[in-house]
Amino acid sequence: MATSSFAFEFFASLISSETGNYFSLSDYFENTYDRTYDFCENLPHLLCRRNVSVTFPFSYRAVSLNALCLLYTQKGTGRLHYYDRSDTPVSYELAPDSLAFIDCRREHELVCLHGIWEYTICFVGLPVSSYYYQKLEAFSSCIFPMKKYSDSFSIWERFLKIEKDDEIHGLMRACELTALYTQLYLTCSVNQHDSYHIPSYIVDIKKSFDTAYGEQYSLEELAAKYKVNKYTLGRQFSKYYGDTPLHYLNKVRIAKAKELLLYSDEKIGVIGQMVGIENLNHFIRLFKEKTGLSPSAYRRETPVS
């Protein structure tokens with residue numbers, strides 16, 4: 001039967017896997033869809049989908065699977081090891097409210113970093129999907145933020161609500177998939193276009209946060225430095241970068257702290273100081289708020305590639 005043959009293709013593509021918990025990769029194929037309809041030759045069509053909850057250790061590596069994978073993370077953190085279009089190995093963190101596009105024809109590995117990782121995974125046929133994938137990949141990433149209440153997320157929700165397996169509902173899913181691809185592409189295009197019009201002082205502030213995150217900052221001092229109102233500064237930074245200045249800075253600091261925890265032997269208090277958070281208790285509290293783990297638990301439980 002056509003709906004079960006994709007499971008066979010998936011397992012044939014596996015290079016390695018580790019699922020040392022109650023979840024089995026065969027669970028991916030609990031909800032599979034017929035791909036024998038005529039439209040499947042020319043339109044994006046769903047092969048299977050599953051809401052997944054896995055725990056560390058969980059991973060699998062695959063290659064040469066003729067499908068596109070859409071993976072939306074709800075909770076926890078995973079990592080995608082991948083080969084980009086120039087065959088360069090890259091690695092992406094799969095954080096909550098992000099949608100990963102994975103061309104499964106290329107070698108790729110999904111890894112649960114620690115704790116519980118909850119995500120929705122869909123395997124989609126390649127017609128039309130591969131065209132959009134190439135367009136989206138041109139934005140130099142295959143990971144796209146998809147916040148709740150955004151247009152993209154609304155389309156994603158509508159797509160997931162179509163469950164029946166017949167030709168009409170298959171066409172409805174094809175319509176929503178095409179709408180999702182288009183919306184993501186338009187959003188990326190608009191954001192790229194707007195980036196040329198970001199006020200130079202906003203660009204400077206972001207650059208300082210990205211490179212000198214260990215320094216101390218306040219909105220008042222930044223506003224005085226660039227001779228603008230601090231409320232205007234905050235609004236404009238949020239408009240172009242999707243977060244308040246200090247929230248963005250804290251995200252950068254925690255991202256750098258995660259690297260230092262994994263790839264250095266520095267004490268936790270020292271790492272907090274290195275990323276600009278002097279108070280140890282505040283660093284631990286902020287780190288746990290952003291990652292769900294204390295710094296010591298993150299260092300202990302996260303595998304290093």
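Below, each value reflects all heavy atoms present in this structure, side chains not excepted, and no hydrogens, waters or symmetry copies.
A 4.5 Å side-chain heavy-atom check between Cys69 and Ile121 finds at least one atom pair inside the cut-off. Contact annotation: the side chain of Leu65 approaches that of Phe123 to within less than 4.5 Å [non-hydrogen atoms, C-beta and beyond]. Within the 4.5 Å cutoff, side-chain heavy atoms of Phe159 are placed close to those of Leu46. Considering only heavy atoms from C-beta on, Cys104 stays 4.5 Å or farther from Val63 through its side chain. Looking at Phe287 and Ile277, their side chains never come closer than 4.5 Å, going by heavy atoms from C-beta outward. Taking 4.5 Å as the limit, some side-chain heavy atom of Leu70 sits within range of a side-chain heavy atom of Leu68. At a threshold of 4.5 Å between non-hydrogen side-chain atoms, the residues Leu25 and Leu14 count as touching. Residues Glu30 and Arg49 are not in side-chain contact: their nearest non-hydrogen atoms beyond the backbone lie 4.5 Å or more apart.
Although no hydrogens or angles enter the test, the distance criterion places no donor-acceptor pair under 3.5 Å between the side chain of Ser59 and the main chain of Leu110. For the pair Ser13 (side chain) and Phe10 (backbone), a donor-acceptor distance under 3.5 Å is present. In this structure a side-chain-to-backbone donor-acceptor pair under 3.5 Å is missing from Ser98 to Leu94. Formation of a donor-acceptor pair under 3.5 Å by the Glu107 side chain with backbone atoms of Tyr83 is not found in this model. Thr211 contributes a side-chain N or O that, together with a main-chain N or O of Lys207, makes up a donor-acceptor pair within less than 3.5 Å. No donor-acceptor pair closer than 3.5 Å links the side chain of Asn250 to the backbone N or O of His247. Put simply, the side chain of Arg61 never gets that close to the backbone of His108: no donor and acceptor are under 3.5 Å apart.
Here CG of Leu99 is found 4.5 Å from CE of Met146. Values are rounded to the nearest 0.5 Å. How far OG1 of Thr182 is from CG of Leu177: 10.5 Å, rounded to the nearest 0.5 Å. Remark: Leu222 CG to Ser208 OG distance equals 8.0 Å, nearest 0.5 Å. Interatomic distance, OH of Tyr226 versus OG1 of Thr232, reported as 15.5 Å (0.5 Å rounding).
A salt bridge links Asp103 and Arg105; the closest N-O separation between the charged side-chain nitrogens and carboxylate oxygens is under 4.0 Å. Look at Arg79 and Glu109 and you find no salt bridge, because none of the NZ, NE, NH1 or NH2 atoms lies under 4.0 Å from a carboxylate O. Salt bridge absent: Arg173 and Glu163 never bring a charged side-chain N and a carboxylate O closer than 4.0 Å. Contact check on Arg35 versus Glu9 returns a salt bridge, with a Lys/Arg side-chain nitrogen under 4.0 Å from an Asp/Glu carboxylate oxygen.
Cluster annotation: Ile15 is not connected to Phe11 through the hydrophobic network of ILVMFWY side chains, with a link wherever side-chain heavy atoms come within less than 4.5 Å. The hydrophobic clustering, which links ILVMFWY residues whose side-chain heavy atoms are closer than 4.5 Å, places Phe101 and Val111 apart. Clustering ILVMFWY residues whenever any of their side-chain heavy atoms sit less than 4.5 angstrom apart, transitively, puts Tyr263 in the very cluster that holds Phe283. Linking Ile, Leu, Val, Met, Phe, Trp and Tyr whenever their side-chain heavy atoms come within less than 4.5 Å puts Leu80 and Tyr119 in one cluster. One hydrophobic cluster holds both Val203 and Tyr248 under the rule that ILVMFWY side chains link at heavy-atom gaps under 4.5 Å.
Less than 6.0 angstrom separates the ring centroid of Phe237 from the ring centroid of Tyr241. Tyr72 and Phe144 have their aromatic ring centers separated by at least 6.0 angstrom.
More than 12 non-hydrogen atoms from other residues, nucleotides or ligands lie less than 6.0 angstrom from NE2 of His169. Within a 6.0 Å radius of CG in Asn229, other residues, nucleotides and ligands contribute more than 12 heavy atoms. Counting heavy atoms of neighbouring residues, nucleotides and ligands inside a 6.0 Å radius, atom CD of Glu278 exceeds 12 of them.
Residues Pro44 and Ala174 share a closest heavy-atom pair of O-CB, 3.2 Å. Counting all heavy atoms, side chain and backbone alike, Glu301 lies closest to Gly115 at OE1-N, 4.1 Å. Nearest heavy-atom pair across Thr73 and Gly76 is CG2-O, 3.6 Å. Scanning both residues, Leu160 and Cys122, for their nearest heavy atoms gives CD2-SG, 4.0 Å. Nearest approach of Arg50 to Tyr28, heavy atoms of both residues: CB-O, 3.9 Å. When all heavy atoms are compared, the tightest approach of Tyr60 to Phe58 is CD2-CZ, 3.9 Å.
Across Thr55, Val54, Thr77, a single residue satisfies side-chain contact (heavy atoms from CB on, under 4.5 Å) together with Ile116, and that is Thr55.
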